[in-house]
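Here the structure is laid out as structure tokens; the discussion comes afterwards.
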Amino acid sequence: MDSDPPFHETYKTLFAATKPLNNDWLAAVAAVEELELPSIDLTRLSLEWPEKERCKNDIARAANEWGFFQVVNHGISRDVLEKMREEQVKVFKQPFQHKCREDKFMNVSAGSYRWGTPTATCLRQLSWSEAFHIPMTDISSLGDTSTFSSSSLHQFATKVASLAQKLAEILAEKSGKKSTFFQENTLPSTCYLRLNRYPPCPIPLFGLMPHTDSDFLTVLYQDQVGGLQLVKDGKWVAVKPNPEALFINIGDLFQAWSNDCYKSIQHCAVTNPTKERFSVAYFLCPSYDTVIESCSSNKPSVYRSFSFKEYRQQVHEDVQNYGYKIGLPRFLV
């Protein structure tokens, strides 16, 4: 049985109706300049002042100027990362039909396994990827199966959640906001992991369409194949992989909550013609009733107050109506 989702069969009408190699939108998928993200050594946080303070300032500066940065010496061992990746590969190598029964296959909630883009009306809207979206509450209850050992995923999830909280508190402090906000509003029941696989694709397509993240903060662990791209100074650039690093990006909620102090940057994943790519992302999200208030002491609010539930509903409506997310511009004052 084939492990790959049936992309060609499911989206054959899109392939028949589109000549992808002639489209301008492929500029974002084509070869672009590769840049190394700002790199921050987190061991500096354990040093005395002023080096500890300089490290915090560097984190805030990267979040403001790039919206993306990488951290090294982050506290998650290579052994944990490698074992987790081994389990991830085993999961995605299972037959496609098995993955579709994820509630029995991995003991996670039904609907956790997703692939492609059901709403796509053209190849530009198609994401050539498959993923498991696993709430942190499901991870805590995962058990071993005949094809999956959950211990490495448990370890990674626990450590990456702690790292996300630490970084969020630093960013809150440096923007003059309440640093305990995240401990009070982002709980295991509201955060989740996404295990991603991007199969090889014979033509240039998005593995994940250009988007911004609808959370506070995302922590990404990726392999060395490459494929992550982001917008910097108005142009698409490729992110250079780093086996020692975790990659951090600011989400829409943090941009609004910080009153544009930090930037949620458009990014995407692009396919590779011959190699599959794997990544794991942790999303720091609040409860649905959490209210995002955009304010600061030195400038008027850029956005009106809104709940996370309201934001998610608006994103869903826009994707249904227009095929893409509009995001924060919907909530400008």
Side-chain angles (χ1 to χ4, degrees), residues 1-10 74-117 127-161 163-164 188 191-202 205 207-208 218-228 241-247 269-283:
M1 297 176 69
D2 196 353
S3 64
D4 282 347
F7 288 106
H8 286 287
E9 177 63 24
T10 303
H74 39 67
I76 305 179
S77 70
R78 176 63 70 87
D79 182 62
V80 168
L81 294 174
E82 290 181 349
K83 287 181 178 178
M84 190 224 18
R85 178 55 43 79
E86 289 174 4
E87 295 303 322
Q88 181 182 8
V89 171
K90 285 197 294 185
V91 165
F92 281 111
K93 290 300 182 185
Q94 295 304 304
F96 172 69
Q97 294 300 330
H98 288 191
K99 289 181 285 190
C100 291
R101 299 192 298 270
E102 69 277 60
D103 54 332
K104 296 180 175 61
F105 167 53
M106 283 184 66
N107 298 323
V108 295
S109 302
S112 297
Y113 177 65
R114 307 170 191 180
W115 63 279
T117 310
S127 290
W128 191 272
S129 58
E130 56 179 333
F132 285 94
H133 295 241
I134 310 177
M136 293 294 282
T137 46
D138 277 7
I139 290 172
S140 64
S141 61
L142 279 178
D144 293 344
T145 68
S146 59
T147 56
F148 175 72
S149 175
S150 63
S151 60
S152 57
L153 192 60
H154 279 286
Q155 293 181 59
F156 175 79
T158 301
K159 290 180 177 295
V160 78
L163 173 63
C191 302
Y192 66 97
L193 282 183
R194 188 173 70 203
L195 311 182
N196 302 303
R197 174 179 176 260
Y198 303 91
C201 185
L205 288 179
L208 200 59
T218 305
V219 183
L220 179 75
Y221 172 57
Q222 63 171 353
D223 62 20
Q224 300 309 295
V225 172
L228 175 62
N242 181 350
E244 305 299 325
L246 296 175
F247 294 84
V270 298
T271 56
N272 186 289
T274 60
K275 299 177 182 178
E276 62 184 350
R277 174 177 178 256
F278 293 93
S279 69
V280 182
Y282 171 81
F283 297 88

Could you give the distance from [atom1] ([X]) to [atom2] ([Y]), rounded to the nearest 0.5 Å?
X: N196; Y: L220; atom1: CG; atom2: CG; answer: 7.5 Å
X: Y192; Y: T137; atom1: OH; atom2: OG1; answer: 13.0 Å
X: M84; Y: S151; atom1: CE; atom2: OG; answer: 12.0 Å
X: L208; Y: Y198; atom1: CG; atom2: OH; answer: 4.5 Å
X: Q155; Y: I139; atom1: CD; atom2: CD1; answer: 12.5 Å
X: H74; Y: L163; atom1: NE2; atom2: CG; answer: 8.0 Å

Between [X] and [Y], what is the shortest heavy-atom contact and its length?
X: A161; Y: M136; value: CB-CE, 4.0 Å
X: T10; Y: W115; value: OG1-CH2, 3.3 Å
X: L205; Y: C201; value: CD1-SG, 3.8 Å
X: S129; Y: G207; value: OG-O, 2.8 Å
X: V225; Y: D223; value: N-OD1, 3.1 Å

Does a side-chain heavy-atom distance below 4.5 Å link [X] with [Y]?
X: E87; Y: L153; result: no
X: K275; Y: Q224; result: no
X: E276; Y: P200; result: yes
X: P241; Y: F247; result: no
X: R85; Y: V280; result: yes

Partner residues of E86 under the salt bridge (Lys or Arg N to Asp or Glu O under 4.0 Å) criterion, sequence neighbours left out: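 E86 satisfies salt bridge (Lys or Arg N to Asp or Glu O under 4.0 Å) with no other residue.
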Test of ring centre spacing under 6.0 Å for Y221 and Y282: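 No, the ring centres sit 6.0 Å or more apart.
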Full working for side chain to side chain contact (heavy atoms under 4.5 Å, CB included) between R78 and E244: CA-CA 8 Å; R78 176 63 70 87; E244 305 299 325; 2.5 Å; yes
Member of R194, K99, R277 meeting the salt bridge (Lys or Arg N to Asp or Glu O under 4.0 Å) criterion with E130: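 Among the candidates, only K99 passes.
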Audit row: F96, Y113, side chain to side chain contact (heavy atoms under 4.5 Å, CB included) steps and yes/no: CA-CA 10 Å; F96 172 69; Y113 177 65; 3.6 Å; yes
Salt-bridge contact R197-D4 (side-chain N to carboxylate O under 4.0 Å):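 The answer is yes: the pair qualifies as a salt bridge.
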Main-chain N/O of I134 paired to S112 side chain as donor or acceptor, under 3.5 Å: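 Judged by distance alone, no pair lies under 3.5 Å.
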W128 and F7 aromatic ring geometry - parallel, tilted or perpendicular at 30°/60° bounds: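 Aromatic pair F7/W128 classed parallel.
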